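Encoded as structure tokens, the structure appears first; notes follow it.
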Amino acid sequence: MSYVNEVMQKVTQRNAHEPEFLQAVAEVLESLEPVLAAHPEYIEAGVVDRIVEPERQLMFRVPWVDDQGKVQVNRGFRVQFSSAIGPYKGGLRFHPSVNLGIIKFLGFEQIFKNALTGLPMGGGKGGSDFDPRGKSDAEVMRFCQSFMTELYRHVGADTDVPAGDIGVGGREIGFLFGQYKRIVNRFEGVLTGKGINWGGSLARPEATGYGTAYFISEMLKEKNDSLAGKTVTISGYGNVGTYFIEKVNSLGGKVITIADEYGYVLDKEGIAGEKLDFLMDLWTVKRLSAKVYAEQFGLPWFEGKSPWEVPCDIAVPSATQNELNAEHAQQLIANGCYCVAEAANMPCTAEAAELFLKNKVLFGPAKAVNAGGVAVSGLEMSQNSMRYGWTFDEVDAKLYQIMVDIYAKSSSAAKKYGLEGNLIAGANIAGFLKVADAMMAQGVV
Ligand code: NDP
């Protein structure tokens, strides 16, 4: 049995009930085969055996009182996966589907994503099975305060710096930050995604969506192509989806779908102008279904259907893991889609990703495509340390350059190891090498 298979077998035994985590590990380990063949020193130092096991996993009770005076109990998580190249860094997700396996898959991905940005950030992730949908501001505040009352002892500006993710936006970061500051009596950059008046970075809300558009532009550039005139389909219309639409519009393309777990809206003219303003408010502020957008603008709503049945040039899943399966991939390919970029984390199943590669569809993997969010979080940490703030254009220019570099690194790593055009392998390899070398230098820890 090959070394990689042996490691995978052990990981599977230890984490048998965590399918998303196993899926994420399998994808990375498969990419590393040629690297480990060329560098047996990583095997000797047990780098791979170590990197698949989190440094620390925390699970805790989050009790809070709802508006009716009833006690509610949620479960909180923080997985501190790797501190090889910097403090643990990664978002918090509040969604009923959250469990330890989901947080571990996200934390594992984060190690390589953060390494790709070129900034000194380790990998971590956290969250809760709390559902912010339908909760009042006061309930969300009480929940966040209770969550931080446990989390504060495990995080810090030089230890672990969480950010937002699904269900955690500016409002939640504000409540979490306020409680942290109150407990430790220090104003420090313990979280990113903060408000601009209290330590946040300009362009952080835009970063993941804009970064995704920059990455796609790099993928297309290699084929002497661009986003101008292209038709794009997306799913999620939260933080990532909405700012992605804004940037695609400014680059001359158009986005014609948005979706949620109940169905999708088709807007053939493209989501722009007052329609985009309306959309920006819909999830990020009001947390309402995409159906409301269809009703507001008299557009067709496809109940229970997926946006991946709509013909397009480029498809960008931007909601959640495993939302695009093999059947969807086949449909997209049959309809002429030639570029797929993962704006969400692991939105394509392994079979779907395989089909895209086989059919020569340009395929951008999440850890490279959506790294713009954490990159600007890293820039927010730098600004906090300097007690200084860059302008929007300065941050945006740095983000652009980081995305260009991530594309170049991923593409050239794939080429170097005989996997030209396979950006999944390229991103995994480039991220791994940086972390692995740091682990080698620091001894067996
Ligand atoms: P938001 O909470 O702002 O928006 C999430 C969107 O996805 C909403 O439209 C939501 O609609 C939809 N969604 C969430 N869960 C599901 C589900 N189970 N089925 C279908 N739709 C779902 O999150 P973000 O935009 O921040 O995150 C979107 C994706 O991007 C996630 O995978 C996240 O991990 C990833 N990401 C985010 C980054 C960031 O900076 N925010 C950075 C890098 C990656 P509804 O719940 O109504 O269905």
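Values in this document were obtained by computation on a predicted structure and should not be read as measured data. Read the numbers this way: they start at 1 and go in the same order the structure lists the ligands and their atoms. These numbers come from the heavy atoms of this one structure, side chains and all, not from hydrogens, waters or symmetry mates.
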Checking side-chain hydrogen bond (donor to acceptor under 3.5 Å, both in side chains) against Tyr88, which of Glu55, Gln80, Arg78 comes through?
Glu55
A student comparing Tyr237, Phe94, Phe244, Tyr262 should find that the heavy atom closest to atom 9 (O) of ligand 1 comes from Tyr237
Aromatic rings Tyr293 and Phe278: how do their planes relate, parallel, tilted or perpendicular, breaks at 30° and 60°?
tilted
For atom 17 (C) of ligand 1, what is the nearest protein heavy atom, given as residue, atom name and distance?
Thr320 CG2, 3.5 Å
Against heavy atoms of Ser318, which atoms of ligand 1 measure under 4.0 Å?
28 (C), 29 (C)
Inspect the surroundings of CD in Glu269 and state if more than 12 heavy atoms from other residues, nucleotides or ligands are less than 6.0 Å away.
no
Ligand 1 to Gly167 polar contact by distance, N or O atoms, under 3.5 Å:
yes
Give the numbers and elements of all ligand 1 atoms closer than 4.0 Å to a heavy atom of Arg93.
31 (C), 32 (O), 33 (C), 34 (O)
Donor-acceptor pair, Glu380 side chain versus Lys194 backbone, under 3.5 Å?
yes
For atom 21 (N) of ligand 1, the closest protein heavy atom turns out to be Ala319 CB, 3.7 Å
Mind checking whether Lys125 has an N or O less than 3.5 Å away from an N or O of ligand 1?
no
Using every non-hydrogen atom in the two residues, find where Val73 and Arg61 come nearest and quote the distance to one decimal.
CG1-CG, 3.7 Å
Looking at atom 23 (O) of ligand 1, what's its closest protein heavy atom, distance included?
Ile166 CA, 3.5 Å
When you compare ligand 1 with Asp260, is there at least one nitrogen or oxygen pair between them that comes in under 3.5 angstrom?
no
Count the heavy atoms of every other residue, nucleotide or ligand shown that sit under 6.0 Å from CG of Asp277, and state whether that count exceeds 12.
yes
What protein heavy atom is closest to atom 37 (C) of ligand 1, reported as residue, atom name and distance in Å?
Val240 CG2, 3.4 Å
Answer yes if the side chains of Thr320 and Glu323 hold a donor-acceptor pair under 3.5 Å, and no otherwise.
no
A student checking ligand 1 against His95 at a 4.0 Å heavy-atom cut-off should list atoms 15 (N), 18 (N)
among protein heavy atoms, the one nearest atom 34 (O) of ligand 1 is Asp165 OD1, 2.6 Å
min-distance protein heavy atom vs atom 41 (N) of ligand 1 -> Asn239 OD1, 3.4 Å
Polar side chain donor-acceptor pair, Glu309 to Tyr264, under 3.5 angstrom
yes
Side chain proximity check, Tyr237 to Ile271, heavy atoms < 4.5 angstrom
no
Look only at interatomic distance and state if Arg133 has a nitrogen or oxygen under 3.5 Å from any nitrogen or oxygen of ligand 1.
yes
Charged N to carboxylate O below 4.0 Å: is that the case for Asp67 and Arg142?
yes
Which one holds for Gln321 and ligand 1: side chain close, backbone close, both close, or neither close, with close meaning a heavy atom under 4.0 Å?
neither
Pair Lys367, Ser410: side-chain N/O donor-acceptor within cut-off below 3.5 Å:
no
Arg204 to ligand 1: N or O pair under 3.5 Å?
yes
Numbering as shown, the atoms of ligand 1 that approach Ala344 to under 4.0 Å (heavy-atom distance):
29 (C), 30 (O), 32 (O), 35 (C)
Can you find a side-chain donor-acceptor pair between Glu20 and Asn322 that sits under 3.5 Å?
no
Which part of Ala343 is near ligand 1, with near meaning a heavy atom under 4.0 Å away: side chain, backbone, both or neither?
backbone
For Arg75, does the CZ atom have more than 12 heavy-atom neighbours from other residues, nucleotides or ligands under 6.0 Å away?
no
Checking a contact table here: which protein heavy atom is nearest atom 4 (O) of ligand 1, and how many Å away?
Trp283 NE1, 2.9 Å
Report the part of Arg287 in contact with ligand 1, treating N, CA, C, O as backbone and CB onward as side chain, heavy atoms under 4.0 Å; options are side chain, backbone, both, neither.
neither
What's the shortest distance from atom 39 (C) of ligand 1 to any protein heavy atom, and which residue and atom give it?
Thr208 OG1, 3.4 Å
